[in-house]
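Report on one structure; see the data block that follows.
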Amino acid sequence: MVERLNDLYEKFKAKFEGVNGECYRVAKIEEIGNLAVKILANKGAKTIALYESPLSQAAKLKEKLCSAGFEVHTDNLFAASSQDDVGITEVNWGIAELGSMVQIAPEVDNRLCSTLVPIHLALLRTKSIVADVDEIMEILDNLPQIPGFVGFITGPSRSSDIERILEIGVHGPEQVILILVDE
Amino acid sequence: MANTQLKKEISEALQNNVLRGALERFSRLYVIAREKAYEGYDFEDLRNNIQRVKSYAADHIDEMIDLFEKNAKARGAKVFRAANGKEANDYVRRIAKENNVKKVVKSKSMASEEILMNEALREDGLEVQETDLGEFIIAIEGKHPSHMVFPAIHLTKEQVADLFTGYTKKKNDPVISKLVKTARSVMRKKFLEADMGISGANIAVAETGTLFTFTNEGNARLTSTIPRVHVYIVGIEKIVPKFKDATYIMKALPRNGTAQNITTYVSLYTGATEAYLEDGTKGEKEFHIVILDNGRRKILQDEKFRQIFNCIRCGGCINVCPAFQLVGGHVYGGHAYTGGIGTILTAFLTSEETANQVQNLCLQCGSCTEVCAGKLNIPEMILELRNRHGAKTGLPFTQKFALDVVSNRRLFHSLLRIASVAQKPFTKGQPVIRHLPMFLSGLTEGRSLPAIAKTPFRDIFPTIKQDVPNPKGTVAFYAGCLVDFVYPRIGEGVVSALNEVGYKVVFPEKQSCCGAPASYMGDKENAVKSAILNIEALEAEKVDYIVSACPTCTHGLLDYQKLLEDKPEMLKRAKVLAEKLYDFPKLITMLGGLKDKGDGIPLKVTYHDSCHLRRTMGVYKEQRALLAGTSGIELIEMKESDRCCGFAGSYSIKFPEISVPILQRKIQNILETGAEVVALDCPGCLMQITGGLDQINSKIKVKHTAELLLDKRKK
Ligand code: SF4
């Protein structure tokens with residue numbers, strides 16, 4: 001069980017980094033806050049649009065970020081996400097085979113905080129990493145109904161539209177960071 | 001578009017070095033990257049499944065649309081069925097008016113380009129913004145996309161910088177990362193202000209009413225998240241029955257399109273979701289789905305073309321098309337669809353006239369059929385377009401005349417004999433000429449063509465001593481025009497090898513041109529004539545096998561079954577012929593192969609796969625084994641060995657400007673191997689490549705496998 005988890009994690013991490021993502025793993029929920037502070041401070045970020053989720057609340061993320069000096073917005077997220085440096089959301093699954101994150105996000109704020117911002121910081125439970133696309137489609141298919149919005153996100157936004165040269169950060173985030181938590 | 005216009009656009013495209021460079025670079029990288037992306041995947045299995053689910057949906061289209069509509073509505077979507085572009089555009093205009101829309105953002109939707117939706121919306125004074133980077137660039141340029149996946153691939157960063165400078169009224173440097181930033185900030189404002197978003201779908205799931213959109217830039221996500229009114233334009237061919245059916249397309253589309261394992265974003269929308277409304281509060285958005293027919297049902301009614309519904313618009317076919325790689329998409333004339341599949345879509349959805357012109361660009365090399373995610377046979381459909389067009393309008397007089405001559409065996413053969421005498425002054429004592437005499441003139445622009453042989457194979461054959469004491473059986477040799485009249489030595493090689501495996505060879509005298517030239521030029525009448533002539537001449541019923549040393553002819557002979565569908569007696573005979581017919585290397589291998597021997601003199605040989613042999617017949621190992629098994633021969637593989645050499649029958653006559661650069665790439669790949677001999681199995685390729693090497697005065701020889709085996713084994 002643990003072995004399988006580690007194996008999936010290793011695969012996921014390699015793929016995630018292969019598409020220019022940054023991947024971190026912590027054991028305890030309480031560690032999320034400090035790690036987030038460290039990462040975001042390093043990037044020189046100041047303002048944050050936080051879409052609250054079970055994980056962010058359990059981690060007391062807002063408190064920790066605020067006390068570390070960040071300006072954190074949790075409402076009026078349309079305005080916030082269009083100006084802030086960072087958006088934080090929780091995602092539902094990871095796909096090891098592709099390094100993709102999968103979010104169920106029918107709520108507009110959830111989507112804005114993962115799309116409009118230059119830096120998207122995502123939270124995910126390590127045990128929610130699945131092996132491949134088939135597995136995730138099976139899971140979705142077995143839900144009582146397909147959610148209003150499901151997004152697969154694989155790295156930061158990109159384009160090769162000019163001279164076929166790959167450029168990161170077009171309309172979506174330029175950086176995608178994921179903190180995985182084992183607890 | 002008149003033919004002269006097409007020619008003009010081809011020449012412009014060929015002079016656009018940016019376009020050519022970008023397309024060529026991409027085409028080389030693509031093949032390797034695609035292969036890597038499919039590692040661990042069974043592509044055949046994947047595309048069989050795509051074909052299965054898509055054709056199921058096509059066969060049950062009404063039920064599928066009803067189901068989709070019902071399920072999408074149940075989730076709060078408003079669904080409108082548009083029979084044509086005008087209905088779709090009118091509907092969207094009405095929605096815009098009713099919802100007090102001023103500004104529209106669009107993420108990529110080929111269906112909306114097909115029906116010129118932007119133009120329609122602008123008539124109402126709406127501000128419409130394309131948000132896909134490439135689409136945005138060409139919108140400023142005022143052009144249509146030059147590529148299905150990379151719409152602005154024809155432009156350099158310098159040109160893009162100039163366009164952006166003009167658009168933003170601020171100086172833009174030609175630095176790609178900065179240009180992308182400009183696009184981001186220009187577009188960001190548009191997104192935030194937009195009241196309506198318009199999207200295109202890659203998949204629509206009947207069972208759940210879910211729409212899938214694949215993008216890399218994130219513009220589609222913003223288009224569908226910010227505006228309070230969201231409209232999806234969905235062609236009826238996008239439907240799959242079950243939610244999980246989408247998985248197959250998810251796996252194939254990005255791998256085939258951009259050689260990515262998955263696009264950055266795959267977004268699934270099911271019904272209306274939440275948005276910020278006009279008054280700043282959050283609530284359910286206006287969510288509309290326009291299901292577009294616009295000629296698509298007509299495709300379904302056409303047996304020969306309904307496979308188009310299996311297409312997932314991945315662009316894989318375009319990525320490997322040698323003609324497209326040279327000229328890009330603008331030449332294809334349609335304002336939405338380009339390349340081979342684009343030609344067919346254009347024929348049904350936008351302009352039949354345009355399609356009739358650009359279908360000529362197809363080389364019939366079949367590269368696209370190897371990568372197609374929906375298992376479409378594009379070359380076959382293009383040929384069908386050609387035939388229908390040919391039947392309707394007739395061919396130009398000179399072409400028709402040439403084909404009439406070719407299908408008249410006596411006349412054709414005697415002209416060839418006369419030609420062999422008449423050409424003397426042109427051959428400069430070499431086995432190539434730069435001008436063919438008489439009715440074949442026009443063939444030689446930009447290349448050297450072979451001289452007609454002094455003695456045709458049909459006259460040599462009776463003099464060959466076949467030493468087969470206890471023959472295991474009899475093989476009829478179908479030589480085809482080129483072996484018979486230009487390369488008789490290939491015929492000698494064929495006979496010798498067959499004798500060695502214990503078979504006697506007969507040469508049916510009355511055989512004539514296989515009819516492929518007529519087929520390829522869309523002249524069905526003459527093709528049928530040739531078919532009957534050869535079936536009667538070959539009398540397949542009386543021999544064990546029929547051997548051909550020209551895969552184009554083999555293909556042509558196999559196709560008799562299609563040509564004679566409505567002539568049951570002949571069809572029966574065509575089937576017997578098809579069952580006994582094999583290409584030279586295949587037959588020799590089947591009959592036990594040749595015993596390893598050879599003169600032992602070292603010779604570096606590289607091998608070129610002809611399109612028909614490699615792709616239509618799937619023969620590529622056999623000849624390599626025969627060659628490698630001959631002592632002395634060192635086989636060196638060239639890059640892109642199965643890439644078309646640009647000959648393609650009449651193609652090199654009609655479009656020398658495209659055929660020649662394709663040939664040059666082949667020549668370059670040959671030179672890089674350091675080989676002394678290029679072996680191949682198609683006399684057409686032999687003619688083309690010999691001509692190409694002759695133009696650069698290369699010493700490399702080009703030989704048919706049968707001829708090379710003969711040289712190395714029977715000196
Ligand atoms: S024809 Fe085949 S390869 Fe071309 S776009 Fe359609 S599915 Fe893709």
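To find a chain, count down the sequence lines: A is the first, B the second, and so on, and within it residues start at 1.
Side chains of Arg221(B) and Ser114(A): a donor on one and an acceptor on the other come within 3.5 Å.
Looking at heavy atoms from C-beta onward, Lys181(B) lies in side-chain contact with Glu174(A) at the 4.5 angstrom threshold. Residues Asp161(A) and Pro151(B) meet the side-chain proximity criterion, which asks for heavy atoms closer than 4.5 Å. When side chains are defined from C-beta on, Leu133(B) counts as touching Ile162(A), because their heavy atoms get closer than 4.5 Å. Within the 4.5 Å cutoff, no side-chain heavy atoms of Val266(B) are placed close to those of Val150(A).
Interatomic distance, Ile136(A) CD1 to Met250(B) CE, rounded to the nearest 0.5 Å: 9.0 Å. A distance of 8.0 Å separates CD of Gln103(A) from OG of Ser267(B), quoted to the nearest 0.5 Å. For the atom pair CZ (Phe152(A)) and CZ (Phe214(B)), the distance works out to 8.5 Å, reported to the nearest 0.5 Å. Taken to the nearest 0.5 Å, the CD1 atom of Ile176(B) stands 10.0 Å off from the CG atom of Leu166(A). Note that the OH atom of Tyr276(B) and the CG atom of Asn76(A) stand 6.5 Å from one another [nearest 0.5 Å]. Rounding to the nearest 0.5 Å gives a distance of 11.5 Å between CG of Asn261(B) and CD1 of Ile95(A).
Heavy-atom minimum distance, Ser157(A) versus Tyr265(B): CB-OH, 3.4 Å.
With a 4.5 angstrom heavy-atom cutoff, Phe287(B) does not touch chain A via any of its atoms. Contacts between Pro173(A) and chain B at a heavy-atom distance below 4.5 Å involve backbone atoms as well as side-chain atoms. Neither the backbone nor the side chain of Gln159(B) has a heavy atom closer than 4.5 Å to any heavy atom of chain A. For Ser177(B), the parts sitting under 4.5 Å from any heavy atom of chain A are the backbone and the side chain alike. In this structure, the portion of Lys282(B) lying under 4.5 Å from any heavy atom of chain A is its side chain and not its backbone. Contacts between Thr210(B) and chain A at a heavy-atom distance below 4.5 Å involve the side chain alone, from C-beta outward. Glu163(A) touches chain B through backbone and side chain together, each having a heavy atom under 4.5 Å away. Contact of Val19(A) with chain B is not made at all, since no heavy-atom distance falls under 4.5 Å. Looking at Ile226(B), the atoms closer than 4.5 Å to chain A (heavy atoms on both sides) all sit in the side chain, from C-beta outward. When heavy atoms are compared at a cutoff of 4.5 Å, Leu116(A) approaches chain B by way of both its backbone and its side chain.
When Thr263(B), Asn216(B), Ile262(B) are each tested for a side chain to side chain contact (heavy atoms under 4.5 Å, CB included) with Thr154(A), only one passes: Ile262(B).
Per-residue heavy-atom pair counts under 4.5 Å with chain B were compared for Ser100(A), Ala79(A), Gly155(A), Pro147(A), and the maximum is reached by Pro147(A). Contact tally against chain A (heavy-atom pairs below 4.5 Å) for Phe191(B), Phe150(B), Phe212(B): the top residue is Phe150(B). Annotation: maximal heavy-atom pairing with chain B below 4.5 Å, among Leu140(A), Ile153(A), Val170(A), Thr115(A), occurs at Val170(A). Chain A forms more heavy-atom pairs under 4.5 Å with one residue of Val160(B), Thr215(B), Val205(B), Leu192(B) than with any other, namely Leu192(B). Most heavy-atom pairs under 4.5 Å with chain A, from the set Thr156(B), Val180(B), Thr225(B): that is Thr225(B). Here Gly148(A) is the residue among Gly169(A), Ser160(A), Gly148(A) with the most heavy-atom pairs under 4.5 Å with chain B. Ranked by non-hydrogen atom pairs under 4.5 Å with chain A, the options His154(B), Lys285(B), Met187(B) are led by Met187(B). With respect to chain A, the highest number of heavy-atom pairs below 4.5 Å among Thr258(B), Asp132(B), Leu222(B) belongs to Leu222(B).
Under the 4.0 Å criterion applied to side-chain N and carboxylate O atoms, Glu274(B) and Arg111(A) are not assigned as salt-bridge partners. For Lys244(B) and Glu138(A), the salt-bridge test passes: some basic side-chain N is under 4.0 Å from an acidic carboxylate O. Electrostatic pairing of Asp141(A) and Lys242(B) does not count as a salt bridge here, judged by no charged N lying under 4.0 Å from a carboxylate O. The pair Lys251(B)-Asp134(A) counts as a salt bridge, with a side-chain nitrogen and a carboxylate oxygen less than 4.0 angstrom apart.
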(request) Decide yes or no on side-chain contact (heavy atoms from CB on, under 4.5 Å) for Thr273(B) and Val108(A), but give the supporting numbers first. (result) CA-CA 8 Å; Thr273(B) 51; Val108(A) 62; over 6 Å; no
(request) Determine, stepwise, if the pair Tyr269(B) / Phe149(A) fulfils ring-ring contact (aromatic ring centres under 6.0 Å, His included). (result) CA-CA 5 Å; Tyr269(B) 302 89; Phe149(A) 178 83; 5.1 Å; yes
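Remark: side-chain polar atoms of Glu217(B) are not paired, donor with acceptor, to backbone N or O of Arg158(A) under 3.5 angstrom. With His171(A) contributing its side chain and Arg184(B) its backbone, the two residues share no donor-acceptor pair below 3.5 Å.
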